[in-house]
Q: 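Please read through the structure below; I'll follow up with questions.
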Amino acid sequence: MTTAHSFTRHDITFPSGDSSCAGWFYLPTGVTSPPVVVLGHGLGATREMRLDAFAERFAQAGIAAVAFTYRHFGDSGGHPRQLLSIKRQLADWDAALAYVQDRPDVDRSRVAVWGSSFGGGHAITVAARHPELRAAVAQVPFTDGPASALALGPLASLRMTPVIARDLVAMVFGRAPAMVPIAAAPGSPALMNAPDVMPGYQALQPAGTAFRNEAAARVLPTIAAYRPGRAAKKVTVPILFCVSNTDSVAPPSQTLRYAGTAPRGEIKRYDAGHFDFYTGETFEELVRDQTEFLARQLDPASAASTP
């Protein structure tokens, strides 16, 4: 059994596009040139919503970690606020990887990505675009827009058509965005409205903070068309898919089909809901599995220990 490392956490900012992303950098103490994993979150979420819990465990295993918040959300830059742009978020991932390459205190040849939910889909896309990575983890990944749109329900989707139109007009004329809820009760118009969505988001929010439950409506057509699972077959590095058997947001059947096309894919399935992955016993099981996978691929034991 390996000894858990202590670690230090540093507030960081790195440039991305026309603005910057805020994040945390976790550095295991007493380890020279550790490998590093970059963590990105899901739909409208920020790094405060339990990314720290995963990053801390990886750091304790001797793996440095960067957990960041996408532009337009939380304390990262970018205007207008609450703009959920797939293209910009993927650029933020590239910027986070570039930030890692500029750090002299990590082993820049041993880098992995970790994404959850919508970020899990991004992790697949990013891993396909960056064959120099050593590994990837896609946790409850969003893999197929049409499948998730069906899970949302056609009636709820149709009810959002007017606000999408208003937001597209606002975009053309440079006005403030027209917003839709990110999470809502079943049957209500929102990006997600399964029964476990609202309590799930609330459970991820630290005490004393508020989740801003809205996003610019213009993102809806791009989410419906986004199919990051198709990139799985192009991921040449080892990739771990952590799949919920009862996922209400990212239907598992489609995810499993995509995961099966990854040349070096590993699949672990869990009898827990989409939002159960972040807390409690399911989190403990997940983080053990993910730490074992990352340690196997990144080999933190080969990093030199300082006296």
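For the numbers below, each heavy atom of this structure counts, side chains included, while hydrogens, waters and symmetry mates do not. Residue numbers start at 1 and run along the sequence shown.
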Q: What is the minimum heavy-atom distance between Asn193 and Ala185, and which atoms define it?
A: CB-O, 3.4 Å
Q: Please determine if Arg269 and Asp247 form a salt bridge, counting it only when a charged side-chain N lies under 4.0 Å from a carboxylate O.
A: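 Answer for the salt bridge query: no.
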Q: Are any of the side-chain nitrogens in Arg71 or Asp18 under 4.0 Å away from the carboxylate oxygens of its partner?
A: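 Answer for the salt bridge query: yes.
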Q: If you look at every heavy atom in Ser148 and Pro251, which pair is closest and at what distance?
A: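 Shortest heavy-atom contact: OG-CD, 3.8 Å.
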Q: For the hydrophobic clusters of this structure (ILVMFWY residues joined by side-chain heavy atoms under 4.5 Å, transitively), does one cluster hold both Tyr258 and Val113?
A: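 No, no single cluster joins them.
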Q: Test Leu191 against Leu220 for side chain to side chain contact (heavy atoms under 4.5 Å, CB included), laying out the working first.
A: CA-CA 7 Å; Leu191 300 185; Leu220 275 154; 3.4 Å; yes
Q: Between Leu240 and Leu294, is any pair of side-chain heavy atoms under 4.5 Å apart?
A: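 Contact flag for Leu240/Leu294 side chains = no.
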Q: Side chains of Thr13 and Ser20 only: does a donor on one sit below 3.5 Å from an acceptor on the other?
A: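 Absent: no donor and acceptor within the cut-off.
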Q: Determine whether the side chains of Thr143 and Thr255 contain a donor N or O and an acceptor N or O closer than 3.5 Å.
A: yes
Q: Looking at Phe68 versus Tyr99, is the centre-to-centre ring distance below 6.0 Å?
A: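 Aromatic pair excluded; centres sit 6.0 Å or further apart.
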Q: Rounded to the nearest 0.5 Å, how far apart are CG of Asp107 and CD1 of Ile63?
A: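 Result: 12.0 Å between the selected atoms.
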Q: After noting the C-alpha distance and the side-chain angles of Val38 and Val126, does the key distance pass the side chain to side chain contact (heavy atoms under 4.5 Å, CB included) rule?
A: CA-CA 11 Å; Val38 177; Val126 171; over 6 Å; no
Q: Would you find more than 12 non-hydrogen atoms of other residues, nucleotides or ligands less than 6.0 Å from Glu281 atom CD?
A: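 Open: at most 12 neighbouring heavy atoms sit under 6.0 Å from CD of Glu281.
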Q: Dump the intermediate steps for side chain to side chain contact (heavy atoms under 4.5 Å, CB included) on Val249 and Phe142, then the final yes or no.
A: CA-CA 8 Å; Val249 174; Phe142 172 101; 5.6 Å; no
Q: Would you check if the side chain of Gln60 reaches a backbone N or O of Ala4 as a donor-acceptor pair within less than 3.5 Å?
A: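 Answer holds: no.
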Q: Test of understanding: with side chain to side chain contact (heavy atoms under 4.5 Å, CB included), list the residues that count as partners of Ala183, not counting sequence neighbours.
A: Val197, Met198, Tyr201, Asn213
Q: What is the minimum heavy-atom distance between Ile124 and Ala231, and which atoms define it?
A: CG2-C, 4.0 Å
Q: What are the two closest heavy atoms between Arg47 and Ala22, and how far apart are they?
A: NH1-O, 3.5 Å
Q: Is there a path of hydrophobic side-chain contacts, each under 4.5 Å between heavy atoms, that joins Trp114 and Leu43?
A: yes
Q: Is there a side-chain contact between Pro34 and Pro300 (heavy atoms, below 4.5 Å)?
A: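 No, their side chains stay 4.5 Å or more apart.
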Q: Can you find a heavy atom in the side chain of Met49 that is under 4.5 Å from one in the side chain of Thr46?
A: yes
Q: Report the distance from atom CG of Asp92 to atom SG of Cys21, rounding to the nearest 0.5 Å.
A: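 One finds 3.5 Å between CG of Asp92 and SG of Cys21.
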Q: Taking all heavy atoms of Leu84 and all of Gly44, pick out the closest pair and write down the distance.
A: CD1-N, 4.0 Å
Q: So does Ser6 get a backbone contact from the side chain of Thr29, meaning a donor-acceptor N/O pair under 3.5 Å?
A: yes
Q: Does Arg134 reach the main-chain N or O of Arg110 with its side chain, forming a donor-acceptor pair under 3.5 Å?
A: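 Looks like no, no N/O pair under 3.5 Å.
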Q: Among the clusters formed by ILVMFWY side chains lying less than 4.5 Å apart, do Met192 and Met160 turn up in the same one?
A: yes
Q: Do Lys268 and Glu292 meet the salt-bridge criterion of a basic N to acidic O distance under 4.0 Å?
A: no
Q: Measuring only between side-chain heavy atoms, which start at C-beta, is Leu168 closer than 4.5 Å to Met171?
A: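 Yes, at least one pair of side-chain atoms sits under 4.5 Å.
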Q: For the ring pair (Phe, Tyr, Trp, His ring centres under 6.0 Å) test, which of Phe283, Phe241, Phe277 pairs with Tyr270?
A: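 When Phe283, Phe241, Phe277 are each tested with Tyr270, the ring pair (Phe, Tyr, Trp, His ring centres under 6.0 Å) holds only for Phe277.
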Q: For this output row, return yes or no: ring centroids of Tyr278 and His41 closer than 6.0 angstrom.
A: yes
Q: For the residue pair His122 and Phe118, does the interplanar ring angle fall in the parallel (under 30°), tilted (30 to 60°) or perpendicular (over 60°) class?
A: perpendicular
Q: Roughly how far, to the nearest 0.5 Å, is the CG atom of Leu83 from the CE atom of Met179?
A: 8.5 Å
Q: Is any side-chain heavy atom of Val106 closer than 4.5 Å to one of Phe25?
A: yes
Q: Do any N or O atoms from the side chain of Glu266 and from the backbone of Pro238 form a donor-acceptor pair under 3.5 angstrom?
A: no
Q: Are any non-hydrogen side-chain atoms of Trp24 and His10 less than 4.5 angstrom apart?
A: no
Q: Ile182 and Val180: same hydrophobic cluster, using ILVMFWY side-chain contacts below 4.5 Å?
A: yes
Q: Any luck finding a side-chain donor-acceptor pair between Asp276 and Thr282 under 3.5 Å?
A: no
Q: Got a sec: does the CZ of Arg230 have more than 12 other heavy atoms crowding it under 6.0 Å?
A: no
Q: For Arg129, look at atom CZ and say whether over 12 heavy atoms of other residues, nucleotides or ligands are found less than 6.0 Å away.
A: no
Q: Membership question, hydrophobic clusters at under 4.5 Å side-chain separation (ILVMFWY): are Tyr26 and Ile12 in the same one?
A: no
Q: For the atom pair OG1 (Thr125) and NZ (Lys234), what is the distance rounded to the nearest 0.5 Å?
A: 9.5 Å
Q: Please answer whether the main-chain N or O of His72 pairs with a side-chain N or O of Ser76 as donor and acceptor at a distance below 3.5 Å.
A: no
Q: Does the Thr222 side chain pair with the main chain of Val219, one donor and one acceptor, at a distance under 3.5 Å?
A: yes
Q: Using 4.0 Å as the upper bound for N to carboxylate O, is an ion pair formed by Arg57 and Glu284?
A: yes
Q: First locate atom CD of Gln290, then atom CD of Glu285, and finally report the distance between them rounded to the nearest 0.5 Å.
A: 10.5 Å
Q: Assign the ring pair Trp93 / Tyr70 to parallel, tilted or perpendicular, where the plane angle (0 to 90°) is split at 30° and 60°.
A: tilted
Q: Tell me, do Leu39 and Phe58 make a side-chain contact under 4.5 Å, heavy atoms counted?
A: yes
Q: Which heavy atom of Ser117 sits nearest a heavy atom of Gly42, and at what distance?
A: CB-CA, 4.1 Å
Q: Do Pro131 and Val237 have side chains that get closer than 4.5 Å, going by heavy atoms?
A: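 They are not in side-chain contact.
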Q: In Å and rounded to the nearest 0.5 Å, what is the CD to CZ distance from Gln202 to Phe275?
A: 10.5 Å
